[in-house]
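Remarks on the structure that follows.
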Amino acid sequence: MFTKILIANRGEIACRVIKTARRMGIATVAVYSDADRDALHVEMADEAVHIGPSAAAESYLVAEKIIEACRQTGAQAVHPGYGFLSERASFCEALEEQGIVFIGPKPKAINAMGDKIESKKFASAANVSTVPGYLGVIENAEHAEKIAAEIGYPVMIKASAGGGGKGMRIAWSEAEVRDGFDRARSEAKSSFGDDRVFIEKYVVDPRHIEIQVLADAHGNVVYLGERECSIQRRNQKVAEEAPSPFLDEATRAAMGEQSVALARAVDYQSAGTVEFIVDRDRNFYFLEMNTRLQVEHPVTELITGIDLVEQMIRVAAGEKLSFAQKDIELNGWAVESRIYAEDPYRNFLPSIGRLTRYRPPSEGRAAGNAIVRNDTGVFEGAEISMYYDPMIAKLCTWAPTRAEAVEAMGEALDGFVVDGIEHNVPFLSALMKHPRWREGRLSTGFIAEEYPDGFAPVMPDESQRAALAAIALSASLIEANRRETVPDRLRSASDPLRDDWCVRLGDDYIDVRLLDGLVTMPFEMEMDIAGETLSVVTDWRPGDPVWRGEVGKQSVTAQLRPILNGVRLDWQGLSVKSRVLTPRHAELDRLMPVKLPPDTSKLLLCPMPGLVVSIAVTEGQEVKAGETLAVVEAMKMENVLRAERDLVVGVINAKPGESLAVDAVIMEFA
Ligand code: ADP
Ligand code: ADP
Ligand code: MG
């Protein structure tokens with residue numbers, strides 16, 4: 001076994017690999033760029049080597065720097081994590097030349113599977129069922145149109161070197177092929193340095209289900225069940241689970257066996273994932289094989305009890321797998337939520353900055369029989385920079401059944417405190433309550449279908465309103481009680497506690513009557529809320545952003561934050577402003593005029609900090625709804641800003657090449 005390994009990655013995955021290495025008694029070396037000087041993976045590793053400037057192309061992607069770091073520290077092997085150099089065969093070869101072991105598959109397998117066009121050819125030769133399409137490079141837009149017509153619409157244009165859901169476009173018509181082809185190619189070139197694209201049939205409404213395989217250097221190959229990753233936004237995974245609620249034993253075995261056959265065909269060793277799309281009739285088609293550890297590997301670990309990183313290290317050290325296919329059992333259910341620094345209320349645009357508060361839920365045993373696991377690379381005070389993936393954490397829950405695992409995930413998300421940047425926790429929390437998700441009726445179109453206009457704060461129903469009112473009022477009473485018991489109190493202790501209150505939630509007013517008049521700690525009180533009697537119990541303390549307790553026997557985890565004239569409550573994807581008033585105060589409050597937000601409908605605002613790639617219109621031009629106005633690049637993605645209605649362009653304020661702040665006015669409309 002190795003005594004020292006280097007982790008050629010950053011963020012949560014670097015931390016995750018370090019944890020296992022440490023448990024195995026292996027010393028660890030981290031590498032870091034300028035932006036990551038104070039990063040968690042640097043702190044966790046036994047040693048750390050600085051490898052250059054913040055831009056990944058000048059640090060994490062430079063093989064020579066990683067090899068030099070191995071030489072300096074005497075690391076015997078390299079774990080590449082995912083992304084960066086993880087699927088670069090030339091990197092493995094360069095390591096091998098230096099006598100350093102790559103903790104992953106051999107260059108042959110990476111070459112065969114690392115490229116989408118090549119891997120599809122390979123898979124069909126190995127009798128794996130693949131998506132119908134053209135197995136070659138498309139030269140130009142005319143060629144693309146011809147091929148698309150042969151396959152039949154809709155089609156998908158994909159970058160052969162693509163990954164992470166990028167460089168992929170659906171086209172429903174000839175015009176869309178023409179338009180999408182050039183954009184797919186330019187995005188492929190800029191994101192992957194390789195502009196080869198191909199075309200395959202777009203399977204409508206599929207599920208994404210993938211098989212985890214594990215192979216050693218002695219010819220043993222097993223599959224560790226599947227993961228369902230159908231909850232996607234723009235072909236990028238958002239939430240995953242294992243097992244899939246859709247597969248029966250026969251389909252699981254068929255997919256598993258084809259995946260094992262494919263792995264054998266390329267002499268695969270280490271952990272790898274064979275991705276499929278599955279249609280409504282459970283026909284499955286090979287998409288690609290990822291020859292690395294997958295982002296969502298923890299859900300497989302939770303249901304199999306197998307540490308995939310440990311297995312990768314053992315296989316790389318030449319050990320035989322210590323179990324066979326018959327030893328692998330799938331136990332219970334696991335769900336993963338990817339927590340990203342992105343604003344769910346603004347079309348999930350990246351949000352960067354400092355985590356002024358970061359308090360994940362505690363890991364380990366949770367309510368019921370659930371288990372919480374949180375893989376992260378950040379800490380309170382850390383910065384989410386523009387240089388890398390905006391992932392904050394991967395929150396996983398495990399429980400004996402899917403319903404319990406989902407319930408535990410909702411609870412864990414509701415207690416996950418992140419301040420300082422925008423993040424998608426409210427969206428994920430709302431997802432956990434979504435009836436269609438709960439029923440497991442999924443497809444890769446789920447988010448687009450269920451949130452066609454984007455995500456907006458959910459409206460509370462009757463019982464949620466009662467719970468929110470109870471939370472707001474209990475917090476207000478606990479705070480008042482605290483004020484009374486400190487010296488120099490603001491009110492006299494002899495004031496009787498009034499029993500009638502009105503809680504304003506958004507624009508609603510909810511009458512609450514307290515059925516006893518004493519505030520005790522922990523807080524326990526019967527309340528009459530809009531005519532219903534509920535007991536409210538909590539040990540919440542002033543200043544804590546998380547309110548945990550019970551409202552009418554229902555256990556509740558919610559968050560509250562002071563805002564001007566009140567408190568903002570976040571729970572189950574709801575985000576509501578609340579204010580506790582006396583009945584008289586409420587009466588007056590209802591008479592206050594409503595302040596209207598400023599009219600921005602005549603402006604095109606830059607939705608995120610970014611670089612103007614192009615302006616597609618000129619002053620005075622008439623534009624139809626849906627037409628492109630400008631393209632802004634942020635986080636290595638080209639974002640097309642389109643007209644939301646028919647309009648006439650007025651003054652244009654921005655030029656291509658210009659860097660803009662969020663909300664900068666790109667153009668005005670007449
Ligand atoms: P990446 O390398 O970016 O992960 P994949 O080929 O794995 O690319 O595809 C990512 C996602 O895009 C899939 O999970 C699926 O939702 C969607 N997708 C890809 N190819 C097709 C297709 N032919 N038909 C329908 N959806 C597809
Ligand atoms: P997976 O295929 O593992 O389920 P995704 O397809 O969503 O996960 O994203 C993984 C891909 O996204 C990687 O192959 C890489 O291209 C990119 N990526 C994600 N996280 C990182 C990271 N921390 N550093 C570099 N690239 C990353
Ligand atoms: Mg994929």
Side-chain angles (χ1 to χ4, degrees), residues 82-84 86-88 110 113-124 128-135 138 144 147-148 151-172 176-177 180 184 187-188 191-192 194 196-213 226-241 244 246 255 259 262 271-281 283-297 336 338 389 442-449 636-637:
Y82 52 74
F84 298 137
S86 60
E87 291 173 281
R88 210 168 279 184
I110 298 181
M113 293 293 119
D115 182 271
K116 288 195 206 293
I117 294 177
E118 293 309 312
S119 73
K120 267 188 83 170
K121 286 184 188 161
F122 217 99
S124 60
V128 175
S129 127
T130 60
V131 184
Y134 177 73
L135 288 180
I138 312 275
I147 298 297
I151 298 172
Y153 289 97
V155 298
M156 200 158 201
I157 309 170
K158 286 182 161 183
S160 192
K166 290 172 193 169
M168 204 180 312
R169 282 202 153 61
I170 308 169
W172 295 85
E176 287 183 358
V177 168
E187 212 174 270
S191 306
F192 316 110
D194 178 343
R196 289 172 307 133
V197 298
F198 67 105
I199 297 185
E200 66 186 16
K201 180 87 189 155
Y202 176 66
V203 181
V204 180
D205 245 14
R207 291 173 173 245
H208 174 119
I209 300 177
E210 56 188 33
I211 302 288
Q212 176 72 54
V213 295
E226 77 283 4
R227 296 182 285 261
E228 171 141 13
C229 318
S230 298
I231 302 292
Q232 304 185 345
R233 215 179 59 80
R234 299 210 187 126
N235 306 314
Q236 289 175 319
K237 299 160 187 168
V238 175
E240 301 97 337
E241 62 186 304
S244 160
F246 191 57
M255 291 174 74
S259 302
L262 180 59
T273 297
V274 183
E275 297 192 328
F276 294 91
I277 42 181
V278 182
D279 73 15
R280 273 172 244 181
D281 304 317
N283 298 309
F284 55 89
Y285 306 96
F286 169 80
L287 268 185
E288 61 162 347
M289 179 170 188
N290 291 329
T291 55
R292 55 170 161 87
L293 188 64
Q294 199 96 335
V295 173
E296 59 277 17
H297 73 278
E336 172 179 277
R338 297 190 185 194
D389 256 44
L442 310 179
S443 88
T444 57
F446 180 95
I447 291 180
E449 286 156 28
K636 289 177 278 171
M637 279 274 279

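Values reported hereafter were calculated over all heavy atoms of this structure, with side chains retained and with hydrogens, waters and symmetry mates removed. For ligands, and for the atoms within them, numbers begin at 1 and follow the listed sequence. Each residue takes its place number in the sequence, starting with 1.
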Going by the atom numbers of ligand 1, which of them fall below 4.0 Å from some non-hydrogen atom of [X]?
X: Glu200; value: 20 (N), 21 (C), 22 (C), 23 (N)
X: Lys201; value: 22 (C), 23 (N), 24 (N)
X: Glu288; value: 1 (P), 2 (O), 4 (O), 5 (P), 7 (O), 8 (O)
X: Lys158; value: 6 (O), 19 (C), 20 (N)
X: Val131; value: 23 (N)
X: Gln232; value: 11 (C), 13 (C), 14 (O), 15 (C), 16 (O)
X: Thr444; value: 16 (O)
X: His208; value: 13 (C), 14 (O)

Non-hydrogen side-chain atoms of [X] and [Y] separated by less than 4.5 Å:
X: Phe276; Y: Ser129; result: no
X: Val274; Y: Phe286; result: yes
X: Gln236; Y: Lys166; result: yes

Without swapping roles, check the side chain of Thr273 against the backbone of Asn290 for a donor-acceptor pair under 3.5 Å.
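No; zero donor-acceptor contacts below 3.5 Å.
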Under 3.5 Å, side chain of Lys201 to main-chain N/O of Tyr153, donor-acceptor pair present?
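Checked: pair present.
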Where on [X] is there a heavy atom closer than 4.0 Å to ligand 1, on the side chain, on the backbone, on both, or on neither?
X: Val203; result: both
X: Ile277; result: side chain
X: Lys237; result: neither

Worked verdict on Lys120 versus Phe198 for side-chain contact (heavy atoms from CB on, under 4.5 Å)
CA-CA 11 Å; Lys120 267 188 83 170; Phe198 67 105; 4.0 Å; yes
Check each of Lys237, Gln294, Glu336 against Cys229 using the side chain to side chain contact (heavy atoms under 4.5 Å, CB included) test, and report the only one that passes.
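For Cys229, the side chain to side chain contact (heavy atoms under 4.5 Å, CB included) check succeeds only for Lys237.
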If you measure from each heavy atom of Gln236 to ligand 1, is any distance below 4.0 Å?
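For ligand 1, residue contact (heavy atoms, under 4.0 Å) with Gln236 is absent.
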side-chain contact (heavy atoms from CB on, under 4.5 Å) against Ala144, all qualifying residues, sequence neighbours excluded
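For Ala144 the side-chain contact (heavy atoms from CB on, under 4.5 Å) partners, ignoring immediate neighbours, are Ile138, Val177, Phe181, Ile199.
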Who pairs with Ser191 by side-chain contact (heavy atoms from CB on, under 4.5 Å), at least two apart in sequence or on another chain?
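For Ser191, the residues satisfying side-chain contact (heavy atoms from CB on, under 4.5 Å) (neighbours in sequence not counted) are Glu187.
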For ligand 1, is there an N or O atom under 3.5 Å from any N or O atom of Tyr202?
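No; the residue has no nitrogen or oxygen that sits under 3.5 Å from a nitrogen or oxygen of the ligand.
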Judging by distance only, is a nitrogen or oxygen of Met168 under 3.5 angstrom from one on ligand 1?
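For ligand 1, there is no N or O atom that lies under 3.5 Å from one belonging to Met168.
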How about Ser160 and Asp115: does a side-chain donor come under 3.5 Å of a side-chain acceptor?
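Yes, a side-chain donor-acceptor pair sits under 3.5 Å.
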Please find out if the Mg ion (ligand 3) and some N, O or S atom of Glu288 are separated by less than 2.8 Å.
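Under 2.8 Å: Glu288 contacts the Mg ion (ligand 3) through an N, O or S atom.
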Of all N, O or S atoms in Glu275, which has the smallest distance to the Mg ion (ligand 3)?
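Result: OE1.
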